[in-house]
Student: 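Here it is, the structure, as structure tokens.
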Amino acid sequence: MSAPALIGLFLFVAMPLFGGVYWSFTNKRLISPLPTEYIGFQNYQNLLGLLVVRVAPEIDEATGQIQMNLEGNPVYPRTRTVIRGDPAYKGYRYWFTADILGQRYVVIARDPTFLRSLINTFLFVLVIVPGQGGLALIMALLVNQRLRGRYVFRTIYFSPVVTSMAVLAIVWTFLYNPDQGLINRFLSAITFGRLQPDWLVSADSALLAIIILSAWQAAGFQMIIFLAGLQGIPQSLYEAAQIDGGNTWQQFRHVTIPQLRNTTIFVIISTTILAFRLFTQVDVMTKGGPQDATVTVVFHAVDTGFRQQKIGYGSAVTVLFFIIVVSIALMQRKLLRSDIELE
Amino acid sequence: MAAVELSSLHKPERKQRSRRRSLTLIIDYSIMIALAAFFLFPIVFMVVSSFKPEKVIFDDLKTIVWAFIPREITFENFSSVFRRVPFGQFMFNSTFIVLATVSAGLVVNSMIAFALARLRWKGKTLVLSLVIALSIVPLDAIVVPLLVLVNEFPWIDGSIGWLDSLHVQIVPFIADAFSIFLFYQFFIGIPRDFDEAAYIDGGSPFAIYRRIIVPLSRPVFATVAILQALFLWSSYLWPLLATRGEASRPLTVGITSFYGQDVKWAQILAFASMITIPVLILFLLFQKWFVQSVAASGLKG
């Protein structure tokens with residue numbers, strides 16, 4: 001009776017998982033005249049290769065003094081010259097420049113897009129987990145009260161969950177249009193034209209735009225989980241708190257929050273894992289742009305492994321992604337377990 | 001208890017308290033209505049605009065309020081969508097993929113869960129821990145190698161390579177570790193007395209699964225079916241990679257490639273509405289089940 005499921009899990013989960021690990025140590029390409037070769041950790045070195053280079057200002061050959069530009073700042077050689085100047089920097093590309101204590105540092109990486117995708121993904125997770133979770137908790141508390149119409153509100157808050165993200169991402173692209181989109185029309189009306197973000201068009205706001213859409217789409221899901229948690233709290237605890245003279249805030253602080261602990265940890269774990277998988281919105285709305293501002297780890301895996309057909313390289317991205325997700329899940333699960341033991 | 005307390009209060013204090021209660025009520029409702037507007041406006045805007053000519057959509061956007069009022073109704077956008085893409089084919093593909101995967105998955109995953117939860121056999125603990133371990137493998141972490149593998153798998157008609165077909169979107173997702181886990185949790189809670197009585201009557205394990213466990217487990221079947229259907233209906237990454245042509249594409253990839261070709265917003269919104277409205281209707285009809293399924297998914301930390 002177990003056979004069909006075991007065969008399925010073996011063929012479509014375990015095999016690709018091990019295949020991915022294996023291919024990540026090769027230069028496998030989807031269509032290639034060259035045979036696949038074992039290349040050790042080369043893919044991983046290419047993904048994570050990062051160097052900080054201290055750049056000295058240009059010296060005027062005639063005077064031996066540091067060259068200054070018209071504003072009186074030292075002139076630095078171009079990054080391309082720096083990278084070409086040392087064979088150790090071969091294969092590296094410019095990522096960003098930092099001036100610290102009057103010193104110029106150039107950060108170069110073998111795959112700046114991948115490093116950017118790590119930063120973007122972590123940033124997305126760090127904002128969306130508390131943001132969406134907090135919104136979901138507020139909504140759950142609101143619709144958990146015995147108020148008229150609570151079921152209608154619950155239904156409305158949940159409705160984006162049942163619609164497809166690919167479809168919603170297109171609709172929101174229209175809403176986010178800086179000149180004609182509904183969102184900026186509305187912001188313009190309430191701020192008298194002062195607040196007009198460029199949303200998806202600008203590298204500063206594109207990730208925020210994707211965060212808002214994502215929270216909007218999924219908060220209803222976590223709301224229901226919180227609601228189930230709230231309804232599992234024994235009414236007697238609230239009655240006891242009332243007898244002790246606890247006001248609403250004290251009841252929330254000393255009954256609701258501790259009783260919701262396991263629900264909250266579950267919501268944090270599941271939202272974190274889902275957030276790491278960010279792909280659809282990015283692929284539909286920005287394709288990782290502008291200037292890599294929304295590129296994510298899964299997007300980069302698909303971009304290199306599928307669109308550029310570098311299977312080995314894309315597999316290495318997914319292996320790193322898997323290691324990150326599993327270690328975070330295990331870490332959080334451990335937290336949950338130690339919490340249960342404490343009680 | 002509360003009544004006693006209230007009557008012992010002085011009159012002005014009681015009045016103050018009721019004023020405070022109506023104030024919190026007003027605040028609660030204002031927040032709930034503002035949130036409702038936030039969650040509804042994109043969907044309402046999408047549906048209303050899908051009935052307007054493109055020019056009217058852009059004109060109405062200038063006033064905000066008119067953007068939500070269907071002052072000019074046309075079905076032109078919908079017929080344009082049908083003219084330009086095989087919408088019926090996309091809808092069939094999506095529906096077929098969801099129904100086939102979910103129904104096969106219910107059988108396959110509940111059977112292994114039954115074996116794990118109710119039967120005694122060698123290696124059971126190992127299999128159970130493997131299933132739990134695999135349940136944290138996100139699809140996104142294996143898409144690239146999975147694509148390479150299915151490209152080399154043979155199919156029943158003798159051809160090699162599953163790409164660009166319906167079965168490439170069905171077969172890999174039938175066995176699902178998380179579904180097995182949900183079934184397992186439910187089956188383990190059913191009292192053992194039922195099976196023992198049946199064994200005494202000479203029933204086989206399969207007969208017990210079919211006649212005792214399945215009828216008792218309707219709620220968990222509904223939960224797994226709804227969660228899987230929600231996930232499959234929205235799936236985008238896998239069909240994007242595994243399909244090329246319109247014949248096997250689901251709605252999600254169909255609309256994004258339509259959007260990528262030539263941006264005609266009125267038609268795109270009509271397309272989006274045609275995908276969204278049937279699901280919203282299903283959701284409203286079976287709301288209780290949807291909510292229970294999601295709540296159940298959260299109770300298994």
Student: Would a distance-only check, ignoring hydrogens and angles, find a side-chain to backbone donor-acceptor pair under 3.5 Å from E54(B) to W265(B)?
Tutor: yes

Student: Quick check for you: among V298(A), T248(A), L182(A), L135(A), which has the greatest number of heavy-atom pairs under 4.5 Å with chain B?
Tutor: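 Most heavy-atom pairs within the cutoff with chain B belong to L182(A).
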
Student: Tell me, for I170(A) versus chain B, whether the close heavy atoms (under 4.5 Å) come from the side chain, the backbone, both or neither.
Tutor: both

Student: Looking at F252(A), I want to see if its CZ is surrounded by more than 12 non-hydrogen atoms of other residues, nucleotides or ligands under 6.0 Å.
Tutor: yes

Student: Is the side chain of N184(A) donor-acceptor paired with the backbone N or O of D179(A) at a distance under 3.5 Å, no angle test?
Tutor: no

Student: Using a cut-off of under 4.5 Å for heavy-atom pairs, which of T173(A), L141(A), L168(A), V302(A) has the most such pairs with chain B?
Tutor: T173(A)

Student: Check each atom of S270(A) against the heavy atoms of chain B and say whether the ones under 4.5 Å are side chain, backbone, both or neither.
Tutor: neither

Student: Are the side chain of S257(B) and the backbone of G254(B) linked by a donor-acceptor contact shorter than 3.5 Å?
Tutor: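 Confirmed, S257(B) side chain pairs with G254(B) backbone.
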
Student: Counting only heavy atoms closer than 4.5 Å, note whether A67(B) contacts chain A via side chain, backbone, both or neither.
Tutor: side chain

Student: With a 4.5 angstrom heavy-atom cut-off, is it the side chain or the backbone of I180(B) that approaches chain A, or both, or neither?
Tutor: side chain

Student: Identify which part of A169(A) has an atom lying under 4.5 Å from any heavy atom of chain B, answering side chain, backbone, both or neither.
Tutor: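 Answer is neither: A169(A) stays 4.5 Å or more from chain B.
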
Student: Does any backbone or side-chain atom of L139(B) lie under 4.5 Å from a heavy atom of chain A? Answer side chain, backbone, both or neither.
Tutor: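 Both parts, backbone and side chain.
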
Student: If only side-chain N and O atoms count, and only distance matters, is there a donor-acceptor pair under 3.5 Å linking S24(A) with Y313(A)?
Tutor: no

Student: State, yes or no, whether a side-chain contact exists between F231(B) and F178(B) at a heavy-atom distance under 4.5 Å.
Tutor: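 The answer is no; the side chains never approach within 4.5 Å.
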
Student: Measuring from atom CZ of F90(B) to atom CZ of F271(B), what distance do you get when rounded to the nearest 0.5 angstrom?
Tutor: 5.5 Å

Student: I would like to know whether D60(B) and R185(A) meet salt bridge (charged side-chain N to carboxylate O under 4.0 Å, His left out); could you show each step before the answer?
Tutor: CA-CA 11 Å; D60(B) 285 355; R185(A) 296 270 187 206; over 6 Å; no

Student: When heavy-atom pairs shorter than 4.5 Å are enumerated against chain A, which of P172(B), S234(B), A272(B) gives the highest number?
Tutor: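 Top option by heavy-atom pairs under 4.5 Å: P172(B).
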
Student: Quick check on the interface: out of L280(B), I174(B), T63(B), N151(B), who has the most heavy-atom pairs with chain A under 4.5 Å?
Tutor: L280(B)

Student: Between Q217(A), Q145(A), M165(A), who has the most heavy-atom pairs with chain B when the cutoff is under 4.5 Å?
Tutor: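 So the answer, after comparing Q217(A), Q145(A), M165(A), is Q145(A).
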
Student: Select one option (side chain, backbone, both, neither) describing which atoms of E239(A) are under 4.5 Å from chain B's heavy atoms.
Tutor: neither

Student: Anything under 30° is parallel, anything over 60° is perpendicular, the rest tilted; go ahead and classify F276(A) against F321(A).
Tutor: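 If you compare the ring of F276(A) with that of F321(A), the planes turn out perpendicular.
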
Student: Checking heavy atoms, do the side chain of A189(A), its backbone, both or neither come under 4.5 Å from chain B?
Tutor: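 Side chain only.
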
Student: So, T252(B) side chain and Y236(B) main chain: donor-acceptor pair closer than 3.5 Å or not?
Tutor: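 No, T252(B) side chain to Y236(B) backbone: no donor-acceptor pair under 3.5 Å.
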
Student: Any chance the rings of F286(B) and W289(B) have centres within less than 6.0 Å?
Tutor: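 Between F286(B) and W289(B), the centre distance exceeds or equals 6.0 Å.
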
Student: Measure W23(A) against the heavy atoms of chain B and call it side chain, backbone, both or neither at under 4.5 Å.
Tutor: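 Side chain only.
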
Student: With a 4.5 Å cut-off on heavy-atom pairs, point out which of G8(A), S159(A), P160(A), S164(A) contacts chain B the most.
Tutor: S164(A)

Student: What heavy-atom pair brings S110(B) and Y209(B) nearest, and what distance separates the two atoms?
Tutor: OG-OH, 2.6 Å

Student: Does any heavy atom of chain A fall under 4.5 Å from the side chain of L25(B), the backbone, both, or neither of them?
Tutor: side chain

Student: By a 4.5 Å heavy-atom criterion (distance strictly below it), what part of V13(A) contacts chain B: side chain, backbone, both, or neither?
Tutor: both

Student: Please flag which part of L274(A) lies under 4.5 Å from any non-hydrogen atom of chain B: side chain, backbone, both or neither.
Tutor: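 Neither the backbone nor the side chain of L274(A) comes within 4.5 Å of chain B.
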
Student: Go through the atoms of V325(A) and report whether side chain, backbone, both or neither lie under 4.5 Å from a heavy atom of chain B.
Tutor: side chain

Student: Looking only at heavy atoms and a cut-off of under 4.5 Å, which of F221(A), Y151(A), F18(A) has the most pairs with chain B?
Tutor: F221(A)

Student: Can a side-chain donor-acceptor contact be found between Q287(B) and T155(A) if the only test is distance below 3.5 angstrom?
Tutor: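 There is such a pair between these side chains.
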
Student: At a heavy-atom separation under 4.5 Å, does F279(A) approach chain B through its side chain, its backbone, both, or neither?
Tutor: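 For F279(A), side-chain heavy atoms alone lie under 4.5 Å from chain B.
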
Student: F68(B) versus chain A, heavy atoms under 4.5 Å apart: side chain, backbone, both or neither?
Tutor: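 Contact with chain A is through the side chain of F68(B) alone.
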
Student: What part of L230(B) gets within 4.5 angstrom of chain A, counting heavy atoms only: side chain, backbone, both, or neither?
Tutor: side chain

Student: Among V263(B), L240(B), V253(B), L119(B), which residue forms the greatest number of heavy-atom pairs with chain A at distances under 4.5 Å?
Tutor: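 Of the options given, most contacts go to L240(B).
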
Student: Using non-hydrogen atoms and a 4.5 Å limit, figure out which bit of I183(A) sits close to chain B: side chain, backbone, both or neither.
Tutor: side chain

Student: Take F45(B) and F41(B) through the test ring-ring contact (aromatic ring centres under 6.0 Å, His included) and record every step on the way to the result.
Tutor: CA-CA 6 Å; F45(B) 172 73; F41(B) 88 92; 8.1 Å; no

Student: Run the side-chain hydrogen bond (donor to acceptor under 3.5 Å, both in side chains) test on S315(A) and Y22(A) for me, step by step, so that the C-alpha distance in whole Å, both residues' side-chain angles and the decisive distance to 0.1 Å come before the verdict.
Tutor: CA-CA 9 Å; S315(A) 297; Y22(A) 172 71; over 6 Å; no

Student: Between chain A and each of N109(B), V171(B), L147(B), V127(B), count heavy-atom pairs under 4.5 Å; write down the option with the most.
Tutor: V171(B)

Student: Any donor and acceptor pair, going by atom type alone, linking the side chain of S293(B) with main-chain N or O of I226(B) inside 3.5 Å?
Tutor: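 Looks like no, no N/O pair under 3.5 Å.
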
Student: Given heavy-atom pairs under 4.5 angstrom as the criterion, report whether the side chain, backbone, both or neither of Y157(A) touches chain B.
Tutor: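 Both parts, heavy atoms under 4.5 Å.
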
Student: Is K310(A) reaching over with its side chain to a backbone N or O of T304(A), donor-acceptor style, under 3.5 angstrom?
Tutor: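 Side chain of K310(A) to backbone of T304(A): no pair is present.
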
Student: Does CZ in R21(B) sit with more than 12 non-hydrogen atoms of other residues, nucleotides or ligands closer than 6.0 Å?
Tutor: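 Not buried by this count: 12 neighbours or fewer within 6.0 Å.
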
Student: Between chain B and each of T163(A), V319(A), I138(A), count heavy-atom pairs under 4.5 Å; write down the option with the most.
Tutor: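 Of the candidates given, the most pairs with chain B belong to T163(A).
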
Student: Side chain, backbone, both or neither: which part of R150(A) has a non-hydrogen atom closer than 4.5 Å to chain B?
Tutor: neither

Student: Kindly say whether the aromatic ring centers of W162(B) and F12(A) come within a distance under 6.0 Å.
Tutor: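 Yes, they do, as the ring centres are separated by less than 6.0 Å.
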
Student: Please rank M111(B), K62(B), M32(B) by heavy-atom pairs under 4.5 Å with chain A and give me the top one.
Tutor: M32(B)

Student: Tell me which of these, T24(B), V143(B), V150(B), I255(B), has more heavy-atom pairs under 4.5 Å with chain A than the rest.
Tutor: I255(B)

Student: Is it the backbone or the side chain of I57(B) that comes under 4.5 Å from a heavy atom of chain A, or both, or neither?
Tutor: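 Side chain only.
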
Student: With a 4.5 angstrom heavy-atom cut-off, is it the side chain or the backbone of F173(B) that approaches chain A, or both, or neither?
Tutor: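 For F173(B), there is no contact with chain A at all, as no heavy atom is under 4.5 Å.
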
